[in-house]
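Contents: one structure, followed by commentary.
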Amino acid sequence: MSSTTRSDRTAWRAIAALCVGFFMILLDTTIVNVAMPAMIEGLRASLNDIIWVNSAYLLTFAVPLLLTGRLGDRFGPKRVYLTGLTIFVLASLACGLAGSAEVLIAARAVQGLGAAAMTPQTMAFITHLFPPHRRGAALGVWGSVAGFATVSGPLLGGVLVTQLGWEWIFFVNIPIGVLALALVVRRVPDWRPGRSHRFDVLGVVLCCLGLGLVVFGVQNGEHYGWGRVAGPITIAEIIVAGVVLLVVFVLWQAARRNPEPLLPLRIFGNLNFSLGNVANVIIGFSVTGLFVPLVLFVQTVPKLTAFEAGMLTAPTSLMSGVVAFFAGRWSNGPRAKFLPITGFALLGLGIGVMTLQLGGSPWVLLPALVVVGGGMGMVYSPLTNIATKTLDPQLMGAGAGIYNTSRQFGGVLGSAGTGAVLQIVLAATGDFTTATRAALLMLVVSTVVGVTAAVLMRRETGMRDSGRASDPGLPVTRPS
């Protein structure tokens, strides 16, 4: 057997092992949705409390991603991945044992930290093990796993909630996590980039506080009547304070006194990367934002069981995963940008049709959900490939961290935004169908932004080379 063939087999076995854990952490971004009614009843919690169960996970998942890629650079991606996986599994156990909404929210936040440690390491190994001209196939597998995981949550969650109880949507992570640990220990090389970074502690604090305040204000606004929260502090002041901190964060990233920023702003001089991140926020916003109101709606108005709600979304999962696998392979071509353009258009079309069909039999939503799945599959892998393909190799590590963050940031906004719209419209009308329709219309508008960003991308297929740029992230070493 040639050394090239052995190298290929080693690379694919490593990616397969990493994808088991990657599947698990993305599964948990949506598996909670189908269990929300059961958790509201079982924990005697409010709708806002249970939406926070999802948002807490997404928030602590998103913010540390700018930092955890650097941790992999210093200590080795494999070690950081295994640490994050261990934290995730233990936090899953704590989630299943939680006896109150407050404890569950706290455990979900710890889960998010574990997921944040794992995700950048998966991308780091893809860029390490596969050169640019062969990365499309690997990203196709990665995108297929992401597609299956993100929308398989309601199906698996429906089965577990119906048969065993809501706690088992977290307990199921334990055997999956143990399997992932064993596979990563055996199959993933202990590659160490060998760089020691300075950590931008001030940047982390500014980003965490800023994003946390914005999400808290948006999601809890209706809960506090958009007025006072504590003493003289109002929701509006909290949101403004969050925005100000995020602005200060960006200014600090551009400051000369910051020797190694989390967010090197020069990376956004690459047009495809900048537009790719805009589109990435939108896909995170749209997908996460879709399943929060949809799964709540079908269990609240037409009264589907958790299992039936999962079955309703199963074709979306299947279509997304199948399309993503092939779309990743097609994304190496010169017309690759037409894949996410078409994908966002299908996503918007499918959600738009669903807004018109609410109120009848929930099963009439199936064709639109299949269209949504196809659209998602055409966005995930191609968008990743196009956005990162022309990045300077010196900036690839930072780019991977920023790109992963932008999707999770979109998910945080999607969960908080649709949760806020549901609560506002429900308080005004008392009609859950009207509230759900308003949330879905917001998502249709967001897909227009995604289409626009994809249209503006350049048809570039080569890797830019700029030896003048310093390395703020993960160096990409190609296997010989």
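Quick caveat, the model's predicted, so the values are computed rather than measured.
- Contact annotation: the side chain of Leu304 never approaches that of Met311 to less than 4.5 Å [non-hydrogen atoms, C-beta and beyond].
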| Under the side-chain contact (heavy atoms from CB on, under 4.5 Å) criterion, do Met376 and Val323 qualify, and how do the steps go? | CA-CA 8 Å; Met376 290 166 55; Val323 172; over 6 Å; no
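- With a 6.0 Å radius and a threshold of 12 heavy atoms from other residues, nucleotides or ligands, Phe326 has its CZ atom at or below the threshold.
- Of all heavy-atom pairs between Gly242 and Leu213, the closest is CA-CB, 3.7 Å.
- Of the candidates Asn280, Asn277, Thr119, Asn280 is the only one forming a side chain to side chain donor-acceptor pair (under 3.5 Å) with Arg407.
- Taking every heavy atom of both residues into account, Val215 and Ala416 meet most closely at CG1-CB, 4.0 Å.
- The closest donor-acceptor contact from the side chain of Glu308 to the backbone of Thr305 lies under 3.5 Å.
- In this structure a side-chain-to-backbone donor-acceptor pair under 3.5 Å is present from Gln423 to Gly419.
- Ala368 and Gly350 get closest at one heavy-atom pair: CB-O, 3.5 Å.
- Side-chain contact check for Val295 versus Met36: every heavy-atom pair is 4.5 Å or farther apart.
- Contact of the Phe88 side chain with the Met24 side chain is registered, since non-hydrogen atoms from C-beta on lie closer than 4.5 Å.
- Atom CZ of Phe23 is surrounded by more than 12 heavy atoms from other residues, nucleotides or ligands within 6.0 Å.
- Between Leu296 and the choices Leu47, Ile50, Val301, the side-chain contact (heavy atoms from CB on, under 4.5 Å) rule is met once, by Leu47.
- Remark: Phe273 pairs with Phe268 by the ring pair (Phe, Tyr, Trp, His ring centres under 6.0 Å) rule, at least two apart or across chains.
- Thr162 approaches Ala306 most closely through the heavy-atom pair OG1-CB, 3.7 Å.
- Taking 4.5 Å as the limit, some side-chain heavy atom of Pro340 sits within range of a side-chain heavy atom of Ile386.
- Residues Ala279 and Gly450 come closest through the heavy atom pair CB-O, 4.5 Å.
- Looking only at distances, a side-chain donor or acceptor of Ser46 sits under 3.5 Å from a matching main-chain atom of Asp49.
- Looking only at distances, no side-chain donor or acceptor of Thr288 sits under 3.5 Å from a matching main-chain atom of Phe285.
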| Residue pair Leu318, Val370: steps toward the side-chain contact (heavy atoms from CB on, under 4.5 Å) verdict | CA-CA 8 Å; Leu318 178 62; Val370 171; over 6 Å; no
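- At least one side-chain heavy atom of Ile402 sits under 4.5 Å from a side-chain heavy atom of Pro264.
- By the 4.5 Å heavy-atom criterion applied to side chains, Leu383 and Leu339 are not counted as neighbours.
- Shown are Leu27, Ile51, Val292, Ile169; of these, the side-chain contact (heavy atoms from CB on, under 4.5 Å) with Val32 is made only by Ile169.
- Remark: Thr418 pairs with no residue by the side-chain hydrogen bond (donor to acceptor under 3.5 Å, both in side chains) rule, at least two apart or across chains.
- With hydrogens and angles ignored, the 3.5 Å screen pairs no side-chain donor or acceptor of Glu167 with any backbone N or O of Leu97.
- Taking Tyr57 as the reference, Phe61 meet the ring pair (Phe, Tyr, Trp, His ring centres under 6.0 Å) condition, with sequence neighbours excluded.
- Between the side chain of Ser446 and the backbone N or O of Leu443 there is at least one donor-acceptor pair closer than 3.5 Å.
- Residues satisfying the side-chain hydrogen bond (donor to acceptor under 3.5 Å, both in side chains) criterion with Trp166, sequence neighbours excluded, are absent altogether.
- Rounding to the nearest 0.5 Å places CZ of Arg187 at 11.0 Å from CG of Leu18.
- Summarising the geometry, atom CG belonging to Leu58 is positioned 10.5 Å from atom CH2 belonging to Trp52; distances are rounded to the nearest 0.5 Å.
- Residues satisfying the ring pair (Phe, Tyr, Trp, His ring centres under 6.0 Å) criterion with Trp12, sequence neighbours excluded, are Phe130.
- For the 3.5 Å distance criterion, the side chains of Gln111 and Ser92 qualify, holding a donor opposite an acceptor.
- Nearest approach of Gly377 to Pro382, heavy atoms of both residues: O-CD, 4.3 Å.
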| field | From CA spacing to verdict: side-chain contact (heavy atoms from CB on, under 4.5 Å), Leu85, Ile25 | value | CA-CA 9 Å; Leu85 182 55; Ile25 60 178; 5.9 Å; no
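- Phe170 is listed as a side-chain neighbour of Leu104, based on a closest heavy-atom distance under 4.5 Å.
- For the pair Thr86 (side chain) and Leu82 (backbone), a donor-acceptor distance under 3.5 Å is present.
- Between atom CG of residue Asn48 and atom CG of residue Leu422 there is a gap of 11.0 Å, rounded to the nearest 0.5 Å.
- Under a 3.5 Å cut-off, the side chain of Lys78 and the backbone N or O of Val185 do form a donor-acceptor pair.
- To the nearest 0.5 Å, the span separating CG on Leu426 from OG1 on Thr300 amounts to 9.0 Å.
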| field | Stepwise side-chain hydrogen bond (donor to acceptor under 3.5 Å, both in side chains) test for Ser286 and Thr447 | value | CA-CA 7 Å; Ser286 302; Thr447 61; over 6 Å; no
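- Between the side chain of Ser415 and the backbone N or O of Val412, no donor-acceptor pair lies under 3.5 Å.
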| task | Report the C-alpha separation of Thr388 and Tyr403 in whole Å, then their side-chain angles, then the decisive distance to 0.1 Å, and conclude whether the side-chain hydrogen bond (donor to acceptor under 3.5 Å, both in side chains) test is met. | result | CA-CA 9 Å; Thr388 60; Tyr403 189 81; over 6 Å; no
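- Side-chain contact between Met354 and Ile351 is present, with heavy atoms from C-beta onward closer than 4.5 Å.
- Distance check: Leu93 CG to Asn173 CG gives 10.5 Å after rounding to the nearest 0.5 Å.
- Rounding to the nearest 0.5 Å gives a distance of 5.0 Å between CZ of Arg437 and CG of Leu358.
- In this view, Arg108 and Asp28 satisfy the salt bridge (charged side-chain N to carboxylate O under 4.0 Å, His left out) rule, not counting sequence neighbours.
- Between the side chain of Thr316 and the main chain of Leu369, a donor-acceptor pair closer than 3.5 Å is present.
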| request: Kindly indicate, with the supporting measurements, whether the criterion side-chain contact (heavy atoms from CB on, under 4.5 Å) is fulfilled by Val372 and Leu346. | output: CA-CA 6 Å; Val372 165; Leu346 291 175; over 6 Å; no
